[in-house]
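As structure tokens, the structure follows; a few thoughts come after it.
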Amino acid sequence: MSREIRSIRAMEILDSRGNPTLRVWVTLDSGVMGSASVPSGASTGRFEAHELRDGDKSRYGGKGVLIAVRNVIDVIGPRLHGTDVSQQVEIDGAMIELDGTPNKSRLGANAIVGVSMAVARTAALAIGRPLYESLGGPAARRLPVPMMNVINGGTHADNSLDFQEYMIVPHGAASFSEALRYGAETFQALKALLKARGFRTAVGDEGGFAPDLDSNEAACALIVDAIRSAGFRPGSDVAIALDPAASAFASGDSYELKRTGSGLKSSAEMTALYADWLDAYPIVSLEDGLGDDDWLGFQAHTATLGKRVQIVGDDIFVTNTQFIERGIKEQSANAALIKLNQIGTVTETIGAIQMCRDAGWKYVISHRSGETEDPFIADFTVAMGGGQIKTGSLCRSERIAKYNRLLEIERELGADATFSSPFATSPVA
Ligand code: PGA
Ligand code: ZN
């Protein structure tokens with residue numbers, strides 16, 4: 001049956017924050033049709049690919065994406081007409097060429113990534129295979145350990161916390177579905193604890209609670225209590241991962257912890273603070289502990305902490321091989337966060353992952369704080385086999401959609417599904 005692209009359509013939809021984003025459909029000559037929806041970040045890295053917004057203040061405060069929609073329909077669609085949908089590398093290359101800018105600012109990375117993801121999905125439908133298998137081949141059987149963001153702060157919540165994400169990592173479970181249960185039960189225990197201690201249980205952008213705690217550290221202590229109260233062992237059953245998203249409170253190599261009034265710290269002092277936390281809490285992963293231009297700080301940070309904990313670079317690398325390559329050379333981290341829309345095509349994202357694998361680095365496939373109901377990254381994570389996903393808390397359907405899709409994949413794979421912790425059991429219990 002013909003796999004040639006007949007048409008590409010797009011429209012403006014809303015993301016989980018109520019801001020405009022794109023949905024894209026690819027239709028083949030055979031009539032097969034696949035779609036994808038585009039996520040959007042709030043604490044974006046400085047060098048992310050460009051998210052094109054209309055800037056027309058009379059619509060959505062300037063955040064409309066009608067120009068990006070038109071770029072899909074009028075510019076990208078005609079160029080890809082007649083192309084074999086299974087040629088992902090050529091298709092992504094053609095869009096990069098058509099855009100012609102280093103950061104996809106002409107057509108918009110949101111337009112390009114929407115087409116790229118919809119092409120991948122349609123290619124899977126065309127061969128009648130699930131997306132994870134179409135992208136990852138028969139070896140794609142590893143279900144990820146989830147990093148579940150149960151306490152939100154920073155740019156994702158209007159509360160007292162400087163740090164953006166406090167996540168639970170149920171890596172001691174025997175399977176993905178058990179890990180999901182560990183996470184959900186810990187989330188409910190955390191809610192009960194917050195209520196009992198007089199804190200509010202309203203949630204932030206990624207569905208984690210957003211209480212006004214007295215200090216950034218108090219969130220770690222609260223999570224340990226919740227893990228215990230849910231009947232799990234902190235560290236060996238359920239560990240902690242942090243994403244302070246320090247770019248949001250950095251200026252060069254100094255860090256101002258304004259919300260908690262903890263004052264100004266140097267990058268060495270931030271690293272010392274994390275080292276203390278590693279002694280006190282079962283932390284297995286630390287992302288963006290420093291800001292995205294503090295390359296020297298990251299090097300010292302990784303030299304000091306990198307043997308004890310996974311050091312993940314998000315804003316500093318922005319899923320871009322140019323920055324990951326520098327990070328590998330300078331030993332700035334030992335893992336990268338991977339977000340499709342930070343770089344703008346499926347092909348370049350896979351290139352970033354390949355670079356991590358070649359260097360012996362780990363990688364974590366991630367959602368954005370502004371999401372849609374599209375569970376694309378669930379399949380993508382299984383396809384890439386890194387064993388880690390970051391896709392938010394245990395409530396709000398745009399987060400749960402990814403977990404539910406992973407449950408489906410686990411069921412589909414049956415006895416072939418694998419699940420294993422990428423982390424050593426934390427020494428702190
Ligand atoms: P963002 O945050 O999607 O708002 O950029 C997620 C993260 O920092 O990991
Ligand atoms: Zn991050």
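Just follow the structure's listing: the first ligand is 1, and inside any ligand the first atom is 1.
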Check: Taking 2.8 Å as the cut-off, does an N/O/S atom of D314 lie below it from the Zn ion (ligand 2)?
Finding: yes
Check: Between the side chain of E51 and the main-chain N/O of S40, is any donor-acceptor distance below 3.5 Å?
Finding: no
Note to self: So if I count the atoms of ligand 1 from 1 in the order they appear, which ones are less than 4.0 Å from some heavy atom of K390?
What the structure shows: 7 (C), 9 (O)
Next item on the list: Enumerate the atoms of ligand 1 whose separation from the nearest heavy atom of G41 is less than 4.0 angstrom.
Entry: 1 (P), 3 (O), 4 (O), 5 (O)
Margin query: Under 2.8 Å from the Zn ion (ligand 2) - does any N, O or S atom of D288 fall there?
Written below: no
Item checked: Element-labelled atoms of ligand 1 that are located less than 4.0 Å from some non-hydrogen atom of D243 -> 7 (C), 8 (O), 9 (O)
Next item on the list: Check whether the side chains of N103 and S105 place a donor and an acceptor atom closer than 3.5 Å, and report yes or no.
Entry: yes
Next item on the list: Could you tell me which residues satisfy side chain to side chain donor-acceptor pair (under 3.5 Å) with R200, sequence neighbours excluded, listed by chain and number?
Entry: none
Check: Quick one: which ligand 1 atoms are inside 4.0 Å of a heavy atom on L337?
Finding: 9 (O)
Notebook entry, point to check: Side chain, backbone, both or neither: which part of D315 comes within less than 4.0 Å of ligand 1 when only heavy atoms are counted?
Noted result: neither
Notebook entry, point to check: Are the side chain of N159 and the backbone N or O of P211 linked by a donor-acceptor pair below 3.5 Å?
Noted result: yes
Margin query: Between D162 and R259 (side chain of the first, backbone of the second, donor and acceptor by atom type, cut-off under 3.5 Å), is there such a pair?
Written below: yes
Note to self: Using a 4.0 Å cut-off to any heavy atom of H156, which atoms of ligand 1 qualify?
What the structure shows: 1 (P), 2 (O), 4 (O), 6 (C)
Note to self: Is a donor from one side chain sitting under 3.5 angstrom from an acceptor on the other, for S369 and D205?
What the structure shows: no
Margin query: Side chains of Q342 and T44 only: does a donor on one sit below 3.5 Å from an acceptor on the other?
Written below: no
Note to self: Test of understanding: given a 4.0 Å heavy-atom threshold, classify the contact between S369 and ligand 1 as side chain, backbone, both, or neither.
What the structure shows: both
Check: Would S366 count as a contact of ligand 1 if the rule is a heavy atom under 4.0 Å away?
Finding: no
Checklist line | Numbered atoms of ligand 1 (with element) below 4.0 Å of E165, judged on heavy atoms | finding: 6 (C), 7 (C), 8 (O), 9 (O)
Next item on the list: Below 4.0 angstrom from a heavy atom of D314, which ligand 1 atoms are there? Numbered from 1 as shown, please.
Entry: 7 (C), 8 (O), 9 (O)
Check: Can you tell me if an N/O/S atom from E287 lies under 2.8 Å from the Zn ion (ligand 2)?
Finding: yes
Next item on the list: Could you list which atoms of ligand 1 come closer than 4.0 Å to a heavy atom of E287?
Entry: 9 (O)
Margin query: For a quick test of reading the model, state the closest non-hydrogen atom pair linking L242 to C220 and the distance between them.
Written below: CD2-SG, 4.1 Å
Notebook entry, point to check: Between S267 and D253, is any side-chain donor less than 3.5 angstrom from a side-chain acceptor?
Noted result: no
Check: Is it true that K339 lies under 4.0 Å from ligand 1, counting heavy atoms only?
Finding: yes
Item checked: Parallel, tilted or perpendicular, as decided by the 30° and 60° cut-offs, for the rings of Y274 and F163 -> tilted
